[in-house]
Amino acid sequence: MTDPSHVAAPVVKAETEYSLLRRAAFASMDAESILTAEFDADGQVVDFRFAVTNVVASQVLRRPMVELLGHTVTEVFPSSGANLVRIWAECLASGVAMLEEIQIDTDTEHPRWIRQQVLPLGDAIAVTSHDITDRRRAEADLRSLAHQDPLTELPNRRAALDGICASLERHGHGSPTTVLFVDLDRFKTVNDTFGHAGGDELLRQIAARLGSVLRAEDMVARFGGDEFVVCLDGSTSPQGVSSIIDKLVDALRVPFRIGDSDVAISASIGVATSHPDWSGTIDTANLLVHQADIAAYEAKRQGRDQVAIFDERIGHRVDRAGMIVRELRNALSEGHLEVHFQAQVQLETRRPVGLEALVRWNHPEHGLLSAGEFLPLAEDAGLSVPLGRWVRQRAMGSWKRSLGSLPSDLTDSMILWFKVSPTELQSNLIAWLIADAAAAGFAHSSIGIEMEAESPEAVFAIKKQTLGELRDLGFRIALTEVSVNHAGISALHSLAADVIKLERVAVTQLGESAGSTRTALLGVLSVLGSLSAELGMQLCADGIESEAQLAPLQDHGFVSGAGHLLAPVVPESDLVEALENMFATST
């Protein structure tokens, strides 16, 4: 009796029949199907008909075998069949095997992603199918997380710029796009009064309230720190813009509730509107946000809780970025910068094995600013080289003094780590490191250099040479922000290093993700574990804030890490006491 999975009535030329039958012998080994081409009067392929299939293919394609055998592709897949026919016809015409990832419609509400290897056989094709739906969904989840602020669940800076680009592109020379830069007034006071947890809660409430007064077509995003960006879609009239701004101002003036306290806060709002000839590029979006930011600075200068509209007059008078750079130059020369430290610990014992030197700016108006709030501007202004050397000299001196108060048997193996920017690679970095280490009395092996693994091609050659020379001299090297993609893996194979540091966004997502997204993240950790073993490098992670992040890192071979769960960031004056406590409680 004939196996029903091999029932076929192929309209096939004689010379291909043997190939079809031979291919069919493998039908039970994988998700295999053989389909014969259907031609019109002009000899053009118009469809494909299932001639041979098997149970595995039936499961992958989410169709019973009786609905496959003898039926055409467009009958089986009404929505996606035409696209399949087009792709397969091109493969048949070329005579070359192909690998394609396609979507097919199923009997559920969600389409499936299938990876298909297609082999042309005369007037027929052999198709091997693999269901990759879970992988594609996990990738989509990761892309979504990369565009979302984890605290407020609003779009983040990157997504905001993408949204502004889309609005500019949508409306072209029609209605202009308006951007509002919402800069909270005296937010530092809230943090000082209620702690960072209270500040975070206020930011979440503000995010929700801003979103509640906007229309569905508008967007609010957290741009960073205590700053939000609102994009009003290009269909908004000038009167509509004014009305929305009034609603935003009124909404923020209603007190917020933190714990048992009512908290009043205001915002300085800057407004900028696109020109009719502006295109939807990232540079244009950045310019529009920059103009709104300048206007917000002007609103703050006028006394806070104000709204200012950008014009050339304001643009000439106020350039916030320029002002910050000028203030940063003064801070560097006048001693307003500080070095803080965060211990890097062995995850199993919680014993300190290193220190990360972090720069902070004690700003007279904004309080203590973290590096992320001013280092990008320092890089653009050419200040990263002198700033980087100042941090290294100050941190080495401070750590040397601290060593006199700590047992040498506990500290001899500790490494002092410094982040180095790409710009510093083109300076006298190697000579300065040798000189500064000698002046402070440190062996090269006690100093570590951190640098992002991926970089533009023009910088990569210099980085490879510099890191190689530093490692040959005995300095420790860590590659940071490592991601599992072609560029990241290639960098790990090309650069001389001792430590691999997982990208921070992945560490953050470990504590928040579930389902397919978490599965994908654990897969990333497995790949890094294999790479570290292959390359002889240790695995490290920054930004560990919870046990939910720590456990999977330890399970996948991560040896050391840093983050508020493990050790606080402390100023120089508190370093010895913090380390003494950590040594006393480590196992």
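- At least one side-chain heavy atom of Leu528 sits less than 4.5 Å from a side-chain heavy atom of Ile500.
- With contacts defined as side-chain heavy-atom distances shorter than 4.5 Å, the pair His290/Ile294 qualifies.
- A donor-acceptor pair under 3.5 Å links the side-chain atoms of His444 to the main chain of Leu473, judged by distance alone.
- In this structure, Thr411 OG1 and Leu416 CG are separated by 12.0 Å, a value rounded to the nearest 0.5 Å.
- Rounded to the nearest 0.5 Å, atoms CD (Gln346) and OG (Ser560) are 8.5 Å apart.
- Contact between Ala221 and Ala160 at its shortest, heavy atoms only, is CB-CB, 3.6 Å.
- Closest heavy-atom contact between Ala395 and Phe418: CB-CE2, 3.5 Å.
- Heavy atoms only, all atoms of each residue included: Gly543 and Arg504 are closest at CA-NH1, 3.5 Å.
- In this structure, Leu510 CG and Leu550 CG are separated by 10.5 Å, a value rounded to the nearest 0.5 Å.
- Side-chain contact between Leu332 and Leu337 is present, with at least one heavy-atom pair separated by less than 4.5 Å.
- Annotation for Ala267 and Val182: closest pair CB-CG1, 3.7 Å, computed over non-hydrogen atoms.
- Within the 4.5 Å cutoff, side-chain heavy atoms of Arg392 are placed close to those of Leu433.
- With sequence neighbours excluded, the residues satisfying salt bridge (charged side-chain N to carboxylate O under 4.0 Å, His left out) with Asp542 are Lys501.
- Formation of a donor-acceptor pair under 3.5 Å by the Ser333 side chain with backbone atoms of Asn330 is found in this model.
- To the nearest 0.5 Å, atom CG of residue Leu203 and atom CG of residue Leu151 are 6.0 Å apart.
- Here the side chain of Asp183 pairs no donor or acceptor atom with the backbone of Ser268 at under 3.5 angstrom.
- Side-chain N/O atoms of Glu469 and Thr466 include no donor and acceptor closer than 3.5 Å.
- A salt bridge does not link Glu424 with Lys463: every distance from a Lys NZ or Arg NE/NH1/NH2 to an Asp or Glu carboxylate oxygen is 4.0 Å or more.
- At least one side-chain heavy atom of Leu184 sits under 4.5 Å from a side-chain heavy atom of Ile265.
- Side-chain contact check for Trp399 versus Phe442: some heavy-atom pair is nearer than 4.5 Å.
- Leu355 places none of its side-chain heavy atoms less than 4.5 Å from the side chain of Trp417.
- In this structure, Arg157 does not pair ionically with Asp149, as no charged nitrogen and carboxylate oxygen lie closer than 4.0 Å.
- With sequence neighbours left out, Phe558 forms a ring pair (Phe, Tyr, Trp, His ring centres under 6.0 Å) with no residue at all.
- With values rounded to the nearest 0.5 angstrom, Thr178 atom OG1 is found 7.5 Å from Ile245 atom CD1.
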Throw together a table of side-chain donor-acceptor distances under 3.5 angstrom for residues 565-585, partners on residues two or more places apart or in other chains.
{"from": "Glu572", "atom 1": "OE1", "to": "Arg394", "atom 2": "NE", "distance (Å)": "3.4"}
{"from": "Glu572", "atom 1": "OE1", "to": "Ser398", "atom 2": "OG", "distance (Å)": "3.2"}
{"from": "Glu572", "atom 1": "OE2", "to": "Arg394", "atom 2": "NE", "distance (Å)": "3.2"}
{"from": "Glu572", "atom 1": "OE2", "to": "Arg394", "atom 2": "NH2", "distance (Å)": "3.2"}
{"from": "Asn581", "atom 1": "ND2", "to": "Glu577", "atom 2": "O", "distance (Å)": "3.3"}
{"from": "Thr585", "atom 1": "OG1", "to": "Asn581", "atom 2": "O", "distance (Å)": "3.0"}
{"from": "Thr585", "atom 1": "OG1", "to": "Met582", "atom 2": "O", "distance (Å)": "3.3"}

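- Looking at residues two or more places apart in sequence or on another chain, you find no salt bridge (charged side-chain N to carboxylate O under 4.0 Å, His left out) involving Arg209.
- The side chain to side chain donor-acceptor pair (under 3.5 Å) test applied to Asn362 returns Glu338, not counting sequence neighbours.
- Contact check for Leu525 versus Pro552: side-chain heavy atoms found under the 4.5 Å cut-off.
- Without hydrogens or angle criteria, Ser167 side chain to Thr177 main chain gives no donor-acceptor distance under 3.5 Å.
- In this structure, the separation between CG on Leu429 and CE on Met451 is 7.0 Å, given to the nearest 0.5 Å.
- No donor-acceptor pair closer than 3.5 Å links the side chain of Glu227 to the backbone N or O of Phe223.
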_Worked verdict on Asp436 versus Gln393 for side-chain hydrogen bond (donor to acceptor under 3.5 Å, both in side chains)_ = CA-CA 6 Å; Asp436 295 340; Gln393 290 176 327; 3.2 Å; yes

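- In this structure Arg476 satisfies the salt bridge (charged side-chain N to carboxylate O under 4.0 Å, His left out) test together with Asp498, sequence neighbours excluded.
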